[in-house]
Amino acid sequence: MGDDDHHDRGDHAAVRFEPLPTKLRPPHTPPAAVFRAALVESLMHAREPLAIVEAPAGYGKSTLLAQWAAAAESQCAWLQLDTTENDPLGLLRYLTAALGPVAPIDPGLLDLLELRSPPVEERILPGLASAIADARPFLLVLDDGHHVDSATCWRYIAVLLEEIPSGAHIAIGTRHTPPLPIARLRAAGRVTVLRADDLRMAGVEARSLLQALGCDVGGDEVGDLVEATEGWPIGLTLAGLAGRGADRCDIAPTAKAVRRVHGDQHDIAAYLTSEVLHRQADHVQDFMIRTAILDRMSAPLCRAVTLRDDAQDLVERLVRGNLFVLGLDDRDEWYRYHHLFGELLRAELERREPDDVAELHRRAAEWFRAHGDGDRAVRHGLAAGEGEAFVDLAAQTCDAHTLRGQAELARQLFACLPDDLIKDSPTLQLTAAMLAVSVSDDRVT
């Protein structure tokens with residue numbers, strides 16, 4: 001046997017690659033799915049070749065992309081990504097399989113991909129790029145992009161994106177921003193991004209979803225549910241399912257649904273726990289549940305509360321990972337958790353570390369006191385069980401609100417104070433007298 005024959009036989013893989021059909025087609029659309037007409041329309045008419053749909057779990061990313069694929073006039077290809085695509089060769093094999101129906105793939109690339117040492121940079125990647133460049137307009141969806149963290153894999157995708165022809169699109173569904181040159185692509189007008197704010201449901205869409213789930217709801221109830229879930233589609237769905245069974249009770253289904261929309265409600269808690277919390281490393285979970293006592297958080301505040309020197313890195317990790325953290329300013333300084341997720345985290349804190357709750361609130365109170373936020377300092381001080389230590393600050397803060405013409409803010413803070421604390425404090429009684437002039441409240445008369 002000659003050397004060439006030996007090389008050929010030894011260089012070929014023993015088993016030829018066979019793609020899983022389920023990875024090359026969109027997932028089944030849920031029966032109660034609402035057609036996101038406005039979003040689909042905007043994606044179909046986007047001039048940018050790359051579309052990124054980036055949002056936390058449960059925002060309907062896959063459903064939206066499947067609806068786009070079904071409505072698109074051009075040919076569509078789909079690749080459901082998972083952790084196996086962190087292997088660059090595996091990704092190229094599946095990309096070749098997905099693009100086969102929509103681009104003129106050279107059959108020889110399939111043979112090259114079977115080699116033990118395939119010429120990726122020399123022939124395979126250029127061959128795929130050339131096929132994409134010569135294709136008619138198409139839509140390629142790469143769903144669940146958050147499963148891929150290989151820099152090499154994303155470099156391959158970036159190379160192919162550079163060759164996409166006019167009228168064609170690559171769409172990526174992901175829970176966090178993919179490691180692509182987003183700033184450069186945005187500056188060149190080559191990327192459009194939809195985020196959680198774009199995917200929230202309200203009004204007609206929210207009502208349609210609830211009705212599809214069997215909940216006959218009016219405008220006020222829809223508004224209540226949208227407010228409680230912050231428009232989170234899966235939250236609306238779970239609330240609707242919770243309310244659907246209430247017709248056997250003495251209360252209206254929608255009233256039950258609204259009452260049960262909490263982060264520690266069984267279905268919502270189970271979803272958030274399995275899809276979000278338990279997917280994080282232990283130290284990240286610990287950081288999240290401890291900072292959930294805060295209604296707003298910054299890295300310095302989180303460092304003071306958790307005593308972690310890596311608080312800045314962890315906050316940035318939560319933001320990058322789209323872990324239900326919402327920005328509160330334009331400086332990327334202050335954030336908060338989604339209301340339902342925050343409730344889940346606080347319930348987890350009470351379950352895991354009940355003895356630490358008061359100390360966490362005490363640290364938060366001292367930080368806010370030192371940084372001039374009397375309202376939050378007093379509220380956390382009360383939660384820590386140290387109300388007496390914050391009597392003077394509570395009076396000063398209420399008085400300052402009143403003098404600035406913000407009597408309602410003063411009343412809200414005063415309403416948090418226990419009756420016994422007010423009864424035993426002449427300072428707070430004087431504050432009550434001042435408030436009585438400005439607001440109507442039984443406790444300040």
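No experiment lies behind these values; they were computed from the predicted model shown.
- Taken from OG1 in Thr63 to CZ in Arg36, the straight-line distance is 9.5 Å, to the nearest 0.5 Å.
- Atom CZ of residue Arg362 and atom CD1 of residue Ile293 lie 11.0 Å apart, to the nearest 0.5 angstrom.
- For Arg47, the CZ atom counts as loosely surrounded, since its 6.0 Å shell holds 12 or fewer non-hydrogen atoms of other residues, nucleotides or ligands.
- Under a 4.0 Å N-O distance rule, the pair Asp286/Arg352 does not qualify as a salt bridge.
- Annotation for Leu64 and Leu194: closest pair CD2-CD1, 4.0 Å, computed over non-hydrogen atoms.
- Looking at every heavy atom in both residues, Ala377 comes nearest to Phe390 through O-CE2, 3.6 Å.
- Here the two rings, on His169 and Trp68, have centers that are under 6.0 Å apart.
- Contact detail for Phe368 and Arg296: the closest heavy-atom pair is CZ-O, 4.5 Å.
- Here the closest heavy-atom approach between residue Trp78 and residue Gln80 is recorded as NE1-OE1, 3.0 Å.
- For the atom pair Thr192 OG1 and Leu50 CG, the distance stands at 9.0 Å (nearest 0.5 Å).
- Put simply, CZ on Arg303 and OG1 on Thr291 are 13.5 Å apart, with the number rounded to the nearest 0.5 Å.
- His401 and Asp375 are linked by a side-chain donor-acceptor pair at a separation below 3.5 angstrom, with hydrogens and angles left out of the test.
- Sparse packing is recorded around CD of Glu227, with 12 or fewer heavy atoms of other residues, nucleotides or ligands lying under 6.0 Å away.
- Enclosure of atom CD in Glu73 is not indicated, since only 12 or fewer non-hydrogen atoms of other residues, nucleotides or ligands lie within 6.0 angstrom.
- Between Phe324 and Trp232, the ring planes lie perpendicular to each other; the angle is over 60°, past the 30° to 60° tilted range.
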Report task. Go through Arg279 and Glu275 one step at a time and tell me if the salt bridge (charged side-chain N to carboxylate O under 4.0 Å, His left out) criterion holds. Result -> CA-CA 7 Å; Arg279 291 175 181 260; Glu275 291 296 320; 3.2 Å; yes
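- Under a 4.0 Å N-O distance rule, the pair Arg363/Glu359 qualifies as a salt bridge.
- Across Ala364 and Leu294, no two heavy atoms sit closer than the pair CB-CD2, 3.8 Å.
- Remark: the backbone N or O of Asp313 is not paired with any side-chain donor or acceptor of Asp310 at under 3.5 angstrom.
- Salt-bridge check for Glu230 with Arg336: passed, with a basic side-chain N closer than 4.0 Å to an acidic carboxylate O.
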Query - Stepwise side chain to side chain donor-acceptor pair (under 3.5 Å) test for Glu163 and Ser130 - result: CA-CA 7 Å; Glu163 301 300 326; Ser130 177; over 6 Å; no
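- Classification of the Trp367-His371 ring pair by plane angle, with boundaries at 30° and 60°, yields parallel.
- Residues Leu161 and Leu185 meet the side-chain proximity criterion, which asks for heavy atoms closer than 4.5 Å.
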